[in-house]
Amino acid sequence: MIGIIFGPPGSGKGTQAGRIEKEFHLKHLSTGKILRDEVAMATPIGKQVGRKMAAGDLVPDDLIVDIVRRRLPEAESGSGVLLDGFPRTVAQARALDAMLAGEGHRVDFVIALDVPEAELVSRILHRAAIEGRADDTREAIEERMHEYRKLTEAVLDHYRKQGVRVEVVNGLGRPDEVFERVRNAIGLSSG
Ligand code: AMP
């Protein structure tokens with residue numbers, strides 16, 4: 001099973017992804033986390049992407065596609081993969097589809113968490129106070145939301161056109177309540 005979870009910054013995507021991973025035995029692959037680790041370890045990739053990430057800009061498609069290409073086979077060896085934060089552009093989606101097709105696989109479901117923007121900003125500023133992420137400043141948050149809105153709809157449409165089930169899930173409420181909706185949505189798509 002190959003799933004994708006989408007959600008704007010602050011939508012609770014990381015929390016829900018962790019729960020989906022446990023419940024459906026999927027390996028969670030977060031490109032944002034991979035990149036943050038590269039930056040923290042000051043690897044060549046980390047040095048290349050640090051400034052873009054801090055500004056809330058996307059990193060280049062070919063770089064992120066290479067990262068996923070290297071990690072996907074190992075992740076796929078289990079019962080499935082939950083991609084988090086990837087694909088963010090139609091070019092990335094096409095590259096992913098081609099990678100999966102090579103293995104006889106395809107995307108099974110897409111979950112998109114939906115949360116009003118005002119709620120998102122307040123959640124992220126709260127997280128910034130606790131975790132101190134470099135891209136949790138107000139300017140970077142606005143840039144990331146702008147990027148998200150601009151690009152994500154196109155990726156959702158790409159999958160809708162292919163007949164992949166895309167479920168938009170209301171992300172307001174307690175994490176448990178949201179997960180109940182997410183679980184139902186995945187159940188519908190895979191069953
Ligand atoms: P996230 O944790 O998914 O919000 O990602 C944090 C940051 O990592 C983003 O703002 C981008 O700078 C970068 N990033 C993560 N995934 C991608 C991707 N698929 N394409 C381009 N940039 C990405």
Side-chain angles (χ1 to χ4, degrees), residues 2-21 26-72 75 81-100 107 110-115 117 119-128 130-159 166 169 171 182:
I2 311 281
I4 298 174
I5 182 156
F6 270 106
S11 61
K13 188 164 53 94
T15 304
Q16 295 301 322
R19 294 189 185 203
I20 296 169
E21 177 179 32
L26 303 182
K27 173 95 180 104
H28 179 195
L29 209 65
S30 156
T31 47
K33 167 141 195 345
I34 292 169
L35 291 176
R36 279 189 291 282
D37 289 347
E38 299 274 352
V39 171
M41 292 185 294
T43 64
I45 290 179
K47 287 184 186 150
Q48 205 181 325
V49 302
R51 204 171 302 160
K52 273 202 158 47
M53 287 180 71
D57 294 332
L58 292 185
V59 311
D61 283 337
D62 49 349
L63 186 148
I64 203 85
V65 166
D66 270 354
I67 288 179
V68 173
R69 198 188 305 284
R70 267 185 274 125
R71 309 239 180 170
L72 197 59
V81 183
L82 180 68
L83 292 163
D84 167 355
F86 179 90
R88 289 268 230 289
T89 65
V90 172
Q92 292 178 16
R94 293 209 177 104
L96 172 66
D97 296 344
M99 274 180 236
L100 293 175
V107 172
V110 179
I111 300 285
L113 291 177
D114 185 37
V115 178
E117 195 154 317
E119 167 75 13
L120 293 174
V121 174
S122 102
R123 284 189 192 179
I124 300 175
L125 291 174
H126 180 71
R127 177 174 77 188
I130 297 170
E131 290 179 12
R133 256 176 65 163
D135 56 355
D136 276 347
T137 63
R138 190 177 284 273
E139 293 73 31
I141 293 166
E142 279 168 7
E143 180 57 29
R144 276 153 66 211
M145 286 194 183
H146 176 74
E147 288 282 355
Y148 180 82
R149 275 196 307 275
K150 193 171 68 181
L151 297 169
T152 307
E153 267 310 308
V155 176
L156 295 183
D157 276 346
H158 168 87
Y159 283 113
V166 174
V169 173
V182 168

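Atoms within each ligand, like the ligands themselves, are counted from 1 in listed order.
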Distances only, to 0.1 Å: what are the N or O pairs between ligand 1 and the protein that fall under 3.5 Å?
| unit_1 | atom_1 | unit_2 | atom_2 | d |
| --- | --- | --- | --- | --- |
| ligand 1 | 2 (O) | R36 | NH1 | 3.0 |
| ligand 1 | 2 (O) | R36 | NH2 | 3.4 |
| ligand 1 | 3 (O) | R88 | NH1 | 3.1 |
| ligand 1 | 3 (O) | R88 | NH2 | 3.2 |
| ligand 1 | 4 (O) | R88 | NH2 | 3.4 |
| ligand 1 | 5 (O) | R88 | NH2 | 3.2 |
| ligand 1 | 12 (O) | D57 | O | 2.6 |
| ligand 1 | 16 (N) | T31 | OG1 | 2.8 |
| ligand 1 | 16 (N) | G85 | O | 3.4 |
| ligand 1 | 16 (N) | R88 | NH1 | 3.4 |
| ligand 1 | 19 (N) | G85 | O | 2.9 |
| ligand 1 | 19 (N) | Q92 | OE1 | 3.0 |
| ligand 1 | 20 (N) | Q92 | NE2 | 2.9 |
| ligand 1 | 22 (N) | V59 | N | 3.1 |

Between H158 and R94, is the side chain to side chain contact (heavy atoms under 4.5 Å, CB included) condition met? List the steps. CA-CA 9 Å; H158 168 87; R94 293 209 177 104; 4.0 Å; yes
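- For the pair E119 (side chain) and V115 (backbone), a donor-acceptor distance under 3.5 Å is absent.
- Taking a cutoff of 4.0 Å between a charged side-chain nitrogen and a carboxylate oxygen, D37 and K33 qualify as a salt bridge.
- Between the side chain of E21 and the main chain of H28, a donor-acceptor pair closer than 3.5 Å is present.
- The local environment of CZ in R71 is sparse, with at most 12 non-hydrogen atoms from other residues, nucleotides or ligands closer than 6.0 Å.
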Give the C-alpha distance, both sets of side-chain angles, the deciding distance and a yes or no for side chain to side chain contact (heavy atoms under 4.5 Å, CB included) between Y159 and I4. CA-CA 11 Å; Y159 283 113; I4 298 174; 3.9 Å; yes
